[in-house]
2 protein chains.
Amino acid sequence: MTHTPLTRSEAKELTRRRLIRAALAILDKEGEAGLTTLKVAKAAGIAQSTFYVHFKDKQDLLRSLGDEGGERLRRSMREVRRQARESHDAERHREAFRIPIEAICRHPELLRILQRARHDPASPLREFAVETAAAYRDHHAADLAELGYTADDEHDRRRLEMIAEGVNAATNALALGHLEGRYPDVEEVLDVLVALSNGALRLLKSGA
Amino acid sequence: MTHTPLTRSEAKELTRRRLIRAALAILDKEGEAGLTTLKVAKAAGIAQSTFYVHFKDKQDLLRSLGDEGGERLRRSMREVRRQARESHDAERHREAFRIPIEAICRHPELLRILQRARHDPASPLREFAVETAAAYRDHHAADLAELGYTADDEHDRRRLEMIAEGVNAATNALALGHLEGRYPDVEEVLDVLVALSNGALRLLKSGA
DNA sequence: AATTTCACCGATAGTACTATCGGTGAAATT
DNA sequence: AATTTCACCGATAGTACTATCGGTGAAATT
């Protein structure tokens with residue numbers, strides 16, 4: 001109950017965090033069209049004009065959201081790798097799908113915002129969204145390589161990339177379907193993703 | 001070279017078509033944020049105020065775009081079915097992927113607009129995008145059922161839906177990747193999609 | 001031929017938002 | 001204790017856009 005006396009910079013940082021949180025919530029609920037400095041500031045409990053104490057302009061806020069999101073995503077990718085190493089080989093492939101799905105369910109607004117930005121040529125977040133998608137694809141491809149699906153020639157390398165991209169797209173789609181309540185059982189979702197992935201990987205095995 | 005004399009209603013319809021075309025192009029290039037009555041009217045060669053002769057307001061334009069897109073999509077789905085029936089059983093599954101990919105490559109702006117709208121809670125096209133996605137999923141699921149992958153119990157029906165949704169997501173992702181130049185060979189894309197799909201369908205076969 | 005309709009126009013009122021500016025008081029520094 | 005800094009405020013100029021309105025001339029109707 002005691003108000004810890006904050007220094008000025010601590011208080012400012014706190015306000016900044018509130019602004020970023022508010023912006024993410026508004027972006028998720030109302031989209032980029034609904035993201036105004038007035039709404040963000042109001043939701044964070046400050047005057048509209050004070051927004052500009054924290055960000056140069058709206059672009060600057062969106063850039064910060066990108067950094068923010070990137071930080072979370074990188075953390076989550078590291079987590080995937082860590083947990084993947086801990087699980088037995090048999091489970092490993094399956095668990096590699098569980099972790100991103102859980103991450104999506106924890107912060108679905110991030111995926112939704114990224115998906116939108118990726119296809120919106122006017123979005124200041126677009127470049128970031130495209131880069132993130134590429135990072136995930138490469139990450140997944142590297143994971144598969146670790147599982148023994150090495151690609152020696154150009155052809156197989158591209159196949160591996162396609163499989164990674166396709167399976168990622170399916171993972172995102174099914175995770176959102178799970179959140180929407182259409183696929184209530186995560187285990188069933190994992191069954192399908194593992195089956196999709198294994199089917200495609202057989203392509204590489206037969207080629208090797 | 002002879003200017004066919006158009007009746008008033010013919011000229012009006014022509015202007016309306018130009019507005020819709022212009023709107024689609026702007027939506028694709030600049031996103032919903034860039035879609036203003038001034039830009040659309042200018043691109044169609046009329047005054048901004050004349051926009052309101054053709055549409056009640058901006059919402060009305062977007063609704064019309066939805067109808068327009070829906071019409072194209074339904075035509076393309078009928079085409080898939082028709083061509084699928086014509087091909088031999090062995091090719092059938094593979095060709096079922098070629099047709100949507102070609103459709104996407106012909107009008108990539110439609111897919112991009114729909115993908116964006118699907119994840120944008122403020123978009124007037126959102127409901128339409130969600131319905132379209134569901135229609136495609138069901139369409140694909142029905143296709144698979146026609147190929148002999150019948151689902152008797154609740155469990156398998158849901159699996160079939162998940163496979164359809166996952167494979168659709170992968171198809172869209174790879175089609176856009178192809179358009180972006182990352183996967184130049186459509187046949188390689190088809191290889192991967194067929195492999196993904198077959199892998200997942202083995203789940204159903206083993207269950208039956 | 002006279003009259004009506006209507007697709008189009010330019011001008012403009014109204015709205016929503018961005019970003020700036022001068023001011024204030026409490027925190028930080030001297 | 002005196003001075004400086006700065007996170008915040010309210011007011012407001014500027015911008016971009018939506019939607020309306022009265023007017024016009026050619027097409028359509030009488």
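Proteins come first, then strands; the chains are lettered A, B, ... in the order of their sequence lines, and each starts at number 1. For the numbers below, each heavy atom of this structure counts, side chains included, while hydrogens, waters and symmetry mates do not.
Atoms CG (B/L6) and P (C/dC8) sit 11 Å apart, rounded to a whole Å. With rounding to whole Å, B/K12 atom NZ is found 13 Å from C/dC9 atom P. Atom CG in B/L14 sits about 15 Å away from atom C1' in C/dC8, given to the nearest Å. When rounded to the nearest whole Å, the span between CZ of A/F51 and C1' of D/dA11 equals 19 Å. For A/I26 and C/dC17, the CD1 to P distance is 11 Å, given to the nearest whole Å. Atom CG of B/D60 and atom P of D/dT20 are 12 Å apart (whole Å). Note: CG (A/L38) to P (D/dG10) measures 12 Å, nearest angstrom. Regarding B/F55, its CZ atom lies at a distance of 18 Å from the C1' atom of D/dT20, rounded to whole Å.
In terms of heavy-atom proximity, A/D57 sits nearest to A/Y52 at CA-CE2, 4.0 Å. Residue A/R182 comes nearest to B/E165 through the heavy atom pair NH1-OE1, 2.6 Å, listed as atom of the first residue, atom of the second, then distance.
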Chi angles and distances behind the salt bridge (Lys or Arg N to Asp or Glu O under 4.0 Å) call for B/K39, B/E30:
CA-CA 11 Å; B/K39 277 190 199 161; B/E30 308 178 40; 2.6 Å; yes
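In DNA chain D, stems built from 3 or more consecutive Watson-Crick or G-U wobble pairs, each with both distances under 3.5 Å, span C:1-30 with D:1-30.
For C/dC9, one of the phosphate oxygens OP1 or OP2 lies less than 4.0 angstrom from a side-chain nitrogen or oxygen of B/T50. For C/dC9, the OP1/OP2 oxygens have no side-chain nitrogen or oxygen of B/S49 closer than 4.0 Å. Between A/K58 and C/dA19 there is no side-chain N or O to OP1 or OP2 distance below 4.0 Å.
Of the listed nucleotides (D/dC9, D/dT18, D/dA11), D/dC9 has the atom at the smallest distance from the side chain of A/A47. Distances from the side chain of B/T37 to the nucleotides C/dA28, D/dT18, D/dA19 place D/dT18 closest. Listed nucleotides C/dA19, C/dA28, C/dC9 differ in distance to B/I46; the shortest reach to its side chain belongs to C/dC9. Listed nucleotides D/dG25, C/dC8, C/dT18 differ in distance to A/Y52; the shortest reach to its side chain belongs to C/dT18.
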Using atom names, set out every protein N or O paired with an N or O of nucleotides 14-16 of chain C below 3.5 Å, distance rounded to 0.1 Å.
none

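At least one side-chain heavy atom of B/R116 sits under 4.5 Å from a side-chain heavy atom of A/P121. Counting only heavy atoms from C-beta outward, the side chains of B/E187 and B/R94 approach each other to under 4.5 Å. Side-chain contact between A/E68 and A/R17: present, with at least one pair of heavy atoms (C-beta onward) separated by less than 4.5 Å. The shortest side-chain heavy-atom distance between B/D156 and B/R159 falls under the 4.5 Å cut-off.
Evaluated for a side chain to side chain contact (heavy atoms under 4.5 Å, CB included) with A/F97, the options A/D191, A/L196, A/L190, A/V189 yield exactly one hit, A/L190.
Of the inter-residue distances, the one linking B/D138 atom CG with B/D143 atom CG reads 11.5 Å to the nearest 0.5 angstrom.
For the residue pair B/T15 and B/H54, no side-chain donor N or O sits within less than 3.5 Å of a side-chain acceptor on the partner.
Annotation: of the two residues near DNA chain C, A/K39 and B/Q48, the 5′-most nearest-nucleotide partner is B/Q48.
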